[in-house]
Amino acid sequence: MGVAAVWTLITLAKPVIEGMKESLAAVSMPDEQKTRHHMDIDMSLRSVGLVFLATLIGLLGITYSFVSPEGLPMGQTLTFVIVGVIVAVLMGFFVAAACAYMAGLIGTSSSPISGIGILGIIISSLVVLALCNSFGIFDIEGGSKFATATAIYVTSIIMSIACISNDNMQDLKTGYLVGATPWRQQVALIIGVVIGAFVIAPVLNLLYEAYGFPGALPRAGMDPSQALAAPQAVLMTTIATGIFTAKLAWEYIFIGIGLGVAIVIVDLILRRRTRAFCLPPLAVGMGIYLPPSVQTPLVVGAVMGYILEKKLKARAAKRSPENPNEDVADCKRRGTLFASGLIVGESIIGVILAGLIVVSVSSGGSESPLALVGKDFADMSEYLGLIVFLCVVTLFGKVVWGGKKA
């Protein structure tokens, strides 16, 4: 994943630099801004600078509140705060450029978020390790936990930058397609980020209190198998803990690097010799470390999408030979909207159920307030879940296939 992320950054270096040059050239000519088309007007450089300054001050304040409870001398505390923010901002700058470019060009699903997380935790851990060794942090009680938490905290800033850049670029691309004014979108996106910061944290805490995460359960006696899967978080925690305890199996890291380089080379060869096949390094990496529960829907969706698109093209060629792509585009649009509804609906129901569980537990009730059967029904529930999944897949196929007849 790390090699794939680095390769993505390398391949995007040229277009990102050219885009930055165009942006700087545009903002350096304010007179032209007034006469430009409304779709070409962005926020002024002064406004961007003020937003960046406010964000930087906020990061410094939050980082200080995170480090200061450890009770370190003021000089050491400020060093951790300043160095941590510098690492996050510098790496976040390049991460935002690469992730946003990929999100706007292809989509958020192709953005190297997971690889960025691995690179971020390794770099952050090594920087924090150097600081901790210099200040003797590991000699005090809880030093390793402080180092691990600090590295993860810095990485969380980098990951937030990557995720926000993904979403923002998707919105800006959509706005470009419908003729929106960029600076108005950018103001709305800034407001959205601020509001999201106040909404996401309580929702995540609600999910934690209701289900917990692997290795972090809020209450004793909870079933670990019911915890919400967090493969990226577990992976980053494992890497950080291994670095600070000197128990990280670096030989496996090097094997992964070698495998990643080999996959990149094979992918380049396949792309040059054939257009039908390729071996995306990011996809291979995600297939290795994501749990089967997350991968299975992706595999089923990919296979189903391939089959449906092939049949749709054959049907469209018979219905309207003069314009076969119109029917296929309409069917794919219906499928995209239906799938988006499933994703949003599942998320909303999950949050509602988490709220019910937390309310029930806080009032002394059961952790399964809506349970209609006992735990002995677990084996049967898996088969019922499979049946429901097959029914949804069938319904999805009918929605996509049910395009307008010529």
Side-chain angles (χ1 to χ4, degrees), residues 1-13 16 55-56 59-60 62-64 66-67 76-102 111-135 137-138 143-166 230-261 264 281-282 285-286 288-289:
M1 297 297 296
V3 170
V6 172
W7 177 247
T8 302
L9 293 173
I10 293 174
T11 55
L12 297 181
V16 167
T55 304
L56 188 61
L59 279 178
L60 290 171
I62 295 173
T63 306
Y64 178 80
F66 179 86
V67 177
Q76 296 181 12
T77 298
L78 292 179
T79 301
F80 274 105
V81 171
I82 295 174
V83 173
V85 172
I86 289 176
V87 171
V89 171
L90 289 180
M91 190 169 180
F93 177 82
F94 296 102
V95 163
C99 291
Y101 185 86
M102 287 296 293
S111 188
I113 290 292
S114 298
I116 293 299
I118 295 174
L119 289 178
I121 193 63
I122 292 177
I123 295 175
S124 301
S125 297
L126 292 177
V127 172
V128 173
L129 178 64
L131 292 177
C132 290
N133 286 331
S134 300
F135 298 142
I137 301 298
F138 294 117
S144 296
K145 290 185 178 180
F146 167 76
T148 303
T150 303
I152 293 176
Y153 167 77
V154 174
T155 307
S156 69
I157 299 176
I158 298 171
M159 293 292 287
S160 298
I161 294 172
C163 294
I164 292 172
S165 65
N166 273 349
Q232 292 175 330
V234 172
L235 182 61
M236 288 190 292
T237 303
T238 302
I239 292 175
T241 304
I243 290 176
F244 294 125
T245 59
K247 295 181 180 179
L248 182 64
W250 285 101
E251 62 271 19
Y252 294 115
I253 298 290
F254 295 139
I255 292 174
I257 292 175
L259 181 60
V261 172
V264 168
L282 284 173
M286 288 190 292
I288 292 174
Y289 91 95

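Everything numeric here is computed off the predicted structure, so don't read it as measured data.
Between T238 and V234, the shortest heavy-atom contact is OG1-O, 2.8 Å. The shortest heavy-atom contact between A240 and T148 is CB-CG2, 4.0 Å. Here the shortest heavy-atom pairing between A88 and I161 reads O-CD1, 3.8 Å. The two residues A147 and F138 come nearest to each other via the heavy atoms CB-CE2, 3.9 Å. Residue L59 comes nearest to Y153 through the heavy atom pair O-OH, 4.1 Å, listed as atom of the first residue, atom of the second, then distance.
Here OG1 of T237 is found 4.0 Å from CD1 of I152. Values are rounded to the nearest 0.5 Å. Considering OG of S124 and CD1 of I243, their distance stands at 9.5 Å, rounded to 0.5 Å. We find the OG1-NZ distance between T150 and K145 to be 13.5 Å, quoted to the nearest 0.5 Å. Distance check: Y252 OH to L259 CG gives 14.5 Å after rounding to the nearest 0.5 Å. Note that CD1 of I118 is 10.5 Å distant from CD1 of I121, once rounded to the nearest 0.5 Å. Of the inter-residue distances, the one linking I137 atom CD1 with F244 atom CZ reads 11.0 Å to the nearest 0.5 angstrom.
M91 pairs with exactly one of T155, I157, L119 by the side chain to side chain contact (heavy atoms under 4.5 Å, CB included) rule, that one being L119. When each of V85, V154, V128, T63 is checked for a side chain to side chain contact (heavy atoms under 4.5 Å, CB included) with F80, only V128 meets the rule.
Remark: Y64 pairs with no residue by the ring pair (Phe, Tyr, Trp, His ring centres under 6.0 Å) rule, at least two apart or across chains.
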